[in-house]
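Note: hydrogens, waters and symmetry copies are ignored here, and every other heavy atom, side chains too, is used.
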Amino acid sequence: MSLEEYKGVFIFAQQVDNELSSIALELLGKAKSLAEDLDEKKVTAVLLGSDVKGLVDKLAEYGADRVIVVDDPALKDYRTEPYTHALASVIDEFKPEILLVGATAIGRDLGPRVSSRVHTGLTADCTSLDIGDFPLEPSPVRETKHKQLLMTRPAFGGNTIATIACPDFRPQMATVRPGVMQKIDPIKGAKAEVVEFNPGFEENDCYTEILKIVKEASSVADIQAAKILVSGGRGVGSAENFKILDDLAEALNGTVSCSRAVVDSGWKPKDLQVGQTGKTVRPQLYFAIGISGAIQHVAGMEESDIIIAINKDENAPIFDVADYGVVGDLNKIVPALTKKIKEALAAKN
Ligand SMILES: Cc1cc2nc3c(=O)[nH]c(=O)nc-3n(C[C@H](O)[C@H](O)[C@H](O)COP(=O)(O)OP(=O)(O)OC[C@H]3O[C@@H](n4cnc5c(N)ncnc54)[C@H](O)[C@@H]3O)c2cc1C
């Protein structure tokens, strides 16, 4: 493998039912800054699907300079084998230096398959991506390589943060969970160069036949889209006591979320869990109520614009990341806060 042949930052532009997933736009935002650090001019999105060319302009508006489109009926619904064949063929043909994939259900299936097929490494669930020297500290036994993709993620159960690189193989591949990277402000009317590429598909024994697609009917709120989150932890005490958080969320037009301890206790569904094994959120306002602030929780909410913590333990680690902190019993503070907010809103109207 000649590493010099591999150029440019690529992202896998996930679409489902011919609608771009938010992660595709988030990855474009990160790809743009990585490309700048590499003095690369182009960010490339790889769009796989059937009848998907209509999505190109949106990718351009969010930062794609070039879109490689593989449009084929075999790619209509996600299936591991044809998608792996398509993406691995794009890599063989266009030789990206970096390829980012969303850590969605699709990306977690596709990314490792593709990395294995093209014989390179993949770092899963990255929380930060940078360009720099590797090893991070000069080593007498290892040559320092410049302009490497430094992929950072929690390791050993979240007890440490590891920075991983892939200096000897290309592309350098990473998956990133939704909500971790930021989209750029859309550039209205932007256009991308479109390259159509089709490696050809042959239905074979490896191909899964989809008999029926049953969509999950979810009545749970999308906490990643919420601007205000009222998040509760074990300190709330019971499923029933979440009523005081519901009231605060309602007064603020916000959404209730929770820590893993709450999910493990069966008080709230997993879809509402914030953190390393839950969702990464970035609301304008995040209330952490009766949440201790374990590293695995903080990993999912520390990028919130404003964090307000309510905890009876003044030494709780959540206060280290909070912008405002209230030390006291949540059973007294939360209802009083809700009452004040309602009064203030009523006076305003
Ligand atoms: C691999 C791995 C992945 C994990 N992933 C996640 C994850 O995605 N998300 C996540 O949240 N956790 C995750 N965890 C678990 C994490 O380590 C913590 O155990 C968890 O976050 C604790 O939840 P908590 O803060 O609600 O509960 P606790 O740590 O028990 O904290 C409860 C807090 O409530 C306060 N409190 C109690 N009563 C009151 C009261 N009346 N008024 C005010 N404050 C009160 C206490 O002082 C305490 O600080 C993970 C752990 C591992 C090992």
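The number of heavy-atom neighbours closer than 6.0 Å to CG of Asn204, taken from other residues, nucleotides and ligands shown, is above 12. In this structure, Asp185 places its CG atom where only 12 or fewer heavy-atom neighbours from other residues, nucleotides or ligands lie under 6.0 Å away. Within 6.0 Å of the NZ atom in Lys332, the count of heavy atoms belonging to other residues, nucleotides or ligands does not exceed 12.
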(request) Mind running salt bridge (Lys or Arg N to Asp or Glu O under 4.0 Å) on Lys42 and Glu193 for me, showing each step along the way? (result) CA-CA 10 Å; Lys42 273 188 194 163; Glu193 176 196 349; 3.1 Å; yes
(message) For Ser89 and Glu93: C-alpha separation, side-chain torsions, deciding distance, then whether side-chain hydrogen bond (donor to acceptor under 3.5 Å, both in side chains) applies.
(response) CA-CA 6 Å; Ser89 303; Glu93 178 73 19; over 6 Å; no
(request) Would you sort out whether Lys147 and Asp39 count as a salt bridge (Lys or Arg N to Asp or Glu O under 4.0 Å), showing the intermediate values? (result) CA-CA 10 Å; Lys147 294 201 166 181; Asp39 299 323; 3.2 Å; yes
(request) Starting from the C-alpha separation in whole Å, work towards a yes-or-no answer on salt bridge (Lys or Arg N to Asp or Glu O under 4.0 Å) for Asp168 and Lys145. (result) CA-CA 10 Å; Asp168 301 326; Lys145 298 211 171 166; 3.1 Å; yes
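Note on ring orientation: taking the six-membered ring where Trp is involved, the planes of His297 and Tyr286 are tilted (angle from 30° to 60°).
Using a 4.0 Å cut-off between charged side-chain N and carboxylate O, Glu343 and Lys339 make a salt bridge. Ion pair Lys188/Glu61 flagged as a salt bridge, since at least one NZ, NE, NH1 or NH2 atom sits closer than 4.0 Å to an Asp/Glu carboxylate oxygen. Salt bridge status for Lys76 with Asp71: absent, with no side-chain N to carboxylate O gap under 4.0 Å. The pair Arg66-Glu196 fails the salt-bridge criterion, with no side-chain N (NZ, NE, NH1 or NH2) lying under 4.0 Å from an Asp/Glu carboxylate O. For the pair Arg79 and Glu209, the salt-bridge criterion is not met [side-chain N within less than 4.0 Å of a carboxylate O].
For the pairing with Arg282, the side-chain hydrogen bond (donor to acceptor under 3.5 Å, both in side chains) check across Gln182, Glu302, Gln224 returns one residue only, Gln182. The side chain to side chain contact (heavy atoms under 4.5 Å, CB included) test with Val118 singles out one residue from Asp92, Leu87, Val90, and that residue is Asp92. Evaluated for a side chain to side chain contact (heavy atoms under 4.5 Å, CB included) with Val334, the options Ile310, Val230, Val326 yield exactly one hit, Ile310. Leu129 pairs with exactly one of Val176, Ile98, Leu27, Leu150 by the side chain to side chain contact (heavy atoms under 4.5 Å, CB included) rule, that one being Val176.
In this view, Phe94 and Phe197 satisfy the ring-ring contact (aromatic ring centres under 6.0 Å, His included) rule, not counting sequence neighbours. Residues passing the side-chain hydrogen bond (donor to acceptor under 3.5 Å, both in side chains) test with Ser116: none are found, sequence neighbours excluded. Taking Asn198 as the reference, Asp72 meet the side-chain hydrogen bond (donor to acceptor under 3.5 Å, both in side chains) condition, with sequence neighbours excluded. Under the ring-ring contact (aromatic ring centres under 6.0 Å, His included) criterion, Tyr83 pairs with Tyr78, not counting sequence neighbours. Partners of Tyr6 under the ring-ring contact (aromatic ring centres under 6.0 Å, His included) rule, at least two apart in sequence or in another chain, do not exist in this structure. With sequence neighbours excluded, the residues forming a side-chain contact (heavy atoms from CB on, under 4.5 Å) with Asp247 are Lys243, Thr338, listed by chain and number. For Lys191, the salt bridge (charged side-chain N to carboxylate O under 4.0 Å, His left out) partners at least two apart in sequence or on another chain are Asp57. Looking at residues two or more places apart in sequence or on another chain, you find no side-chain contact (heavy atoms from CB on, under 4.5 Å) involving Glu19.
Shown here for Cys258 and Ser231, the closest heavy-atom pair between the two residues is N-OG, 3.3 Å. Nearest heavy-atom pair, Val67 versus Ala192, reported as atom, atom and distance to 0.1 Å: CG2-CB, 3.9 Å. Taking both residues in full, the closest heavy atoms of Gly233 and Ser259 are given as CA-OG, 3.5 Å, listed atom of the first, atom of the second, then distance. Nearest heavy atom pair, residue Pro283 against residue Leu229, reads CG-CD1, 4.0 Å. Heavy-atom minimum distance, Pro167 versus Leu3: O-CD1, 3.3 Å. Ile11 and Ala31 make their closest contact through CG2-CB, 3.7 Å (heavy atoms, listed as atom of the first residue, atom of the second, distance).
Between the side chains of Asn331 and Asp329, at least one donor N or O sits under 3.5 Å from an acceptor N or O. Using modelled atom types and a 3.5 Å distance limit, the side chains of Gln14 and Thr104 yield a donor-acceptor pair. Side-chain contact check for Thr127 and Thr152: no donor-acceptor pair (N or O, by modelled atom type) lies under 3.5 Å. Residues Ser22 and Glu26 have side chains that bring a donor and an acceptor to within less than 3.5 angstrom of each other. For Thr123 and Arg153, the side-chain atoms include no donor-acceptor pair closer than 3.5 Å. For the 3.5 Å distance criterion, the side chains of Arg113 and Thr84 fail to qualify, holding no donor opposite an acceptor.
Residue pairs meeting the salt bridge (Lys or Arg N to Asp or Glu O under 4.0 Å) criterion with at least one member in residues 124-133, sequence neighbours excluded: Arg108-Asp125. The list of salt bridge (Lys or Arg N to Asp or Glu O under 4.0 Å) pairs with a residue in residues 170-181, not counting sequence neighbours, is empty. Within the structure, ring-ring contact (aromatic ring centres under 6.0 Å, His included) contacts touching residues 134-178 (residues at least two apart or in different chains) are His119-Phe169.
The CD1 atom of Ile164 sits 14.0 Å away from atom CD of Gln148, with the distance rounded to the nearest 0.5 Å. Atom OG1 of Thr175 and atom CE of Met151 lie 10.0 Å apart (nearest 0.5 Å).
Within the 3.5 Å criterion, the main-chain N or O of Leu272 finds no donor-acceptor partner in the side chain of Ser257.
Summarising the hydrophobic clusters (Ile, Leu, Val, Met, Phe, Trp, Tyr; side-chain heavy atoms under 4.5 Å, direct or chained), the residues clustered with Ile210 are Ile213.
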